[in-house]
Amino acid sequence: MAVLERSYKRYAGALSPEWSRFLIIPRHAFRDVFRSKLFTGLYALSFMAPLVFAILIYLRHNTEALAIMKLSVVNVLPIDATFFLTFVEIQGWVGFFLALLVGPQQVARDLTNNGLPLYLCRPFSRSEYVVGKMSIVILLLSSITWVPGLILFGLQSYLEGWSWFSQNIPIASAIFLGSLVWILLLALLTQTISAWVKWRLAASAGLIGLFFIPSVFAAILNQMLATRWGNLLSLGSLIRSVWAGLFGTFVQQAGQVQRMRGGVIVETAMVEPPLWASWLILFLICALCLWLLSRKVKAYEVVK
Amino acid sequence: MTLDAPATSSHLNDSPGVITLDNLSVTFGGRPILKSLNGDLRGRAIGLLGPNGAGKTTLIHTLLGFHQPSAGTARILGSDIRGEANQIKSLIGYMPERDSFISKMSCIHFVRFMAELSGLPPGAALERAHEALFFVGLGEARYRNVDTFSLGMKQLAKLAQAIVHGPRLIFLDEPTNGLDPPARSRMIKMIREIRDSGQANIVLSSHLLRDVEECCEEIVILKDGRLVVYCNLEEERKANKKFLMLETRGDLKSFVEGIGSLGCECAMTSDHRLKIILQDGTEIRDLYKLAAASQVQIRRLTYKRDSLEDIFLKAMENGSN
């Protein structure tokens, strides 16, 4: 090592490809993230559900095991779109808590310590910075959502045979797309809150509030107006509709309610908002997050 | 360098200057911060001076691509800041004025991370991070968390991250801020070492005239967003060596005649004091020989030169006029 040559010299060696530089951020961030025992424990626990689902798939195809456990095939969950939808929902919410632990500190820490000029004075753009920060959440959550989801799909296809695989390919794409939409939404929301709320605890609380407070409003609105359109305010309902749409289990008419109107009992059909409305709202939320991030992710703020 | 005429490419020499300002203006919220700056800066170390709020930091930030010029442009090492920002950023290093670091990282990790962001592969980045930290004198503290550093150590860590990728041009914004005298001396020494290595040009922004005088060859003085003085300190120093002030004893008549015969201009300011402008080829030793021949004692000989403080104060006066 040339540390004894204490003189300034230029670097003349090879450079890493420009397209890959955003990955430097998650690589270094993971060191810090996995230093937390709480996070590492939760991350390990997040593989419990995939394990349970894998066991269920295995049991479904193992008559000997079923005989030992004195179960018949009909008592085991059917392996269909609903099975994988349940998996995506469980892992999606586990991912939410992981994102809650990892996301809010990412941009906030750089803003608090004036770190952004150090990134942006290098051949590293603002968009690369945002993508780099988002990819911390994206890579972590991918490893517990669509990656094990597709492995489960592969396991089921292997055990069930080619015909099942060819008939259920849309499930695989729904696992991938549904998880990706959720992960992107979480990544954008966590980074945006992180950029605007520098205090980590407040940012985490803000993220929880963003998911649960509008859900309460949505429930009140639905109850008062006997409608389901209030669900458009709830991020949880939005993503559930999108997932159901992707897995082909979306039902727009969710039942009927009886209401008194002018002394007469009237039956009102409860109609879920159309799928396109859920997609549109999610798209608008993502666009708003990107706009808010672009306002905050700057080397220096100019006070006008 | 011209202050008045825009320094378009036709005005320039063939080789690109370190920084070429071409009618560069920056406006924030309708308020002009930098007003039509022109110039071609070529020194190994360029000092950027000016009172608070003159636009020094805004100029550096604009050159780094943090702010968009409202009019005009600038070129750094031949690349235009408007269209070739990424290329420029791969050639420069920047040491910000304020505390800037990535928290919860050891110093070596921080500097390595910065090197990787500059494009160095992980192995080379780690090696150069060690080198840079030893160079700035943080070799022993490199595994400590940056958050625990003192102000002086943080300044050194900032310098290390600015040079770790071996840039061709280094912007140092108030590098001696908050340093005690020994630390300041070490910082100045390092800046001079980098300058003298010939491997990188330096732009040093400071309000401390002594720092600039000790490190820089060229100075640019900004006032109210305008470039009011450009001065090549090296040439100024050389030129100033020709102006001598002599205090003498003895009969000056033959001595003054002798000085005239050497081709030098001479003026008596009092009975014993002379001001002399030396001609090319005339050495000070010739004056001593002449004085000995004329039986004149030279009691004191001083160079009359403008200090940087004089230049700065004049610029401030002229600027306000």
Side-chain angles (χ1 to χ4, degrees), chain A residues 1-29 31-33 35-36 105-129 132 198 200 297-304, chain B residues 28-31 57 61 64-67 85-90 92-94 96 98-105 109-110 112-122 124 127-128 130-135 137 139 146-147 158 161-168 171 190 193-194 197 199-200:
Chain A
M1 177 139 337
V3 289
L4 295 173
E5 291 173 23
R6 294 182 192 179
S7 60
Y8 180 81
K9 59 177 189 286
R10 272 192 213 153
Y11 176 72
L15 294 175
S16 59
E18 276 184 35
W19 66 265
S20 68
R21 287 189 197 158
F22 75 93
L23 289 169
I24 295 165
I25 290 182
R27 187 154 51 79
H28 284 265
R31 274 189 192 189
D32 183 43
V33 162
R35 217 180 281 161
S36 155
Q105 62 202 355
Q106 295 304 331
V107 182
R109 201 183 272 175
D110 290 339
L111 285 172
T112 312
N113 297 303
N114 300 312
L116 277 171
L118 301 178
Y119 288 92
L120 302 179
C121 72
R122 297 185 147 74
F124 198 75
S125 66
R126 289 164 65 200
S127 43
E128 280 172 308
Y129 175 81
K198 290 183 186 174
R200 184 191 163 180
V297 176
K298 288 176 178 171
Y300 289 101
E301 273 194 84
V302 177
V303 181
K304 292 181 181 173
Chain B
F28 292 154
R31 195 165 73 93
T57 300
H61 288 179
L64 288 167
F66 296 164
H67 307 312
N86 243 22
Q87 194 182 333
I88 289 171
K89 285 177 178 180
S90 62
I92 60 176
Y94 171 51
R98 290 193 288 173
D99 255 8
S100 298
F101 55 93
I102 314 295
S103 68
K104 295 197 174 178
M105 273 190 183
H109 188 183
F110 164 61
R112 177 198 177 178
F113 181 49
M114 290 294 125
E116 284 190 46
L117 288 177
S118 299
L120 273 65
E127 188 176 330
R128 283 196 64 101
H130 282 287
E131 287 176 14
L133 287 170
F134 271 96
F135 176 71
V146 189
D147 307 59
K158 281 196 294 180
Q161 65 78 30
I163 62 172
V164 66
H165 52 294
R168 283 180 61 190
F171 288 95
M190 271 183 293
E193 272 178 40
I194 295 170
S197 72
Q199 301 269 309

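Quick note on labels: first sequence line is chain A, next is B, and so on, each numbered from 1.
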Heavy-atom closest pair, residues [X] and [Y]:
X: B:K104; Y: A:R35; result: O-NH1, 4.1 Å
X: A:P117; Y: B:F66; result: O-CZ, 3.7 Å
X: B:K89; Y: A:R122; result: CD-O, 3.1 Å
X: B:P121; Y: A:A14; result: CD-O, 3.2 Å
X: A:P123; Y: B:S118; result: CG-O, 3.9 Å

Distance from [X] atom [atom1] to [Y] atom [atom2], nearest 0.5 Å?
X: A:L118; Y: B:F110; atom1: CG; atom2: CZ; value: 5.0 Å
X: A:Y129; Y: B:L117; atom1: OH; atom2: CG; value: 10.5 Å
X: A:I24; Y: B:M114; atom1: CD1; atom2: CE; value: 10.0 Å

Chain A heavy atoms under 4.5 Å from B:P122: which part of the residue, side chain, backbone, both or neither?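 Contact with chain A involves the side chain of B:P122 alone.
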
Heavy-atom contact with chain A under 4.5 Å, split by part of B:R31: neither

Basic-acidic side-chain contact under 4.0 Å: B:E116, A:R21: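 Salt bridge flag = no for A:R21 with B:E116.
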
Mutual orientation of the aromatic rings belonging to B:F113 and A:H28 [parallel < 30°, tilted 30-60°, perpendicular > 60°]: tilted

Which of the residues [options] is involved in the greatest number of heavy-atom pairs with chain A at under 4.5 angstrom?
options: B:A162, B:A85, B:G30, B:S90; answer: B:S90
options: B:E193, B:H109, B:M190; answer: B:H109
options: B:I102, B:L64, B:V164; answer: B:I102
options: B:S103, B:S197, B:G139; answer: B:S103

Under a 4.5 Å heavy-atom cut-off, does chain B meet the side chain of A:R126, its backbone, both or neither?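 Neither the backbone nor the side chain of A:R126 comes within 4.5 Å of chain B.
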
Proximal component of A:E18, with respect to chain B [non-hydrogen, under 4.5 Å]: side chain

List in chain and number order the residues that pass side chain to side chain contact (heavy atoms under 4.5 Å, CB included) with B:A200, two or more places apart in sequence or in another chain; answer none if no residue qualifies. A:Y8, B:I170, B:I194

Any sub-3.5 Å donor-acceptor pair from B:S100's side-chain atoms to A:G115's backbone N or O?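 It does not hold such a pair.
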
Just do the side chain to side chain contact (heavy atoms under 4.5 Å, CB included) check on B:H67 and A:K298 with the steps written out, would you? CA-CA 10 Å; B:H67 307 312; A:K298 288 176 178 171; over 6 Å; no

As an exercise: rank A:N113, A:L116, A:L15 by heavy-atom pairs under 4.5 Å with chain B and give me the winner. A:N113

With side chains defined as the heavy atoms from C-beta onward, is the minimum distance between A:K9 and B:E131 less than 4.5 Å? yes

Go through B:H165 and A:R10 one step at a time and tell me if the side chain to side chain contact (heavy atoms under 4.5 Å, CB included) criterion holds. CA-CA 7 Å; B:H165 52 294; A:R10 272 192 213 153; over 6 Å; no

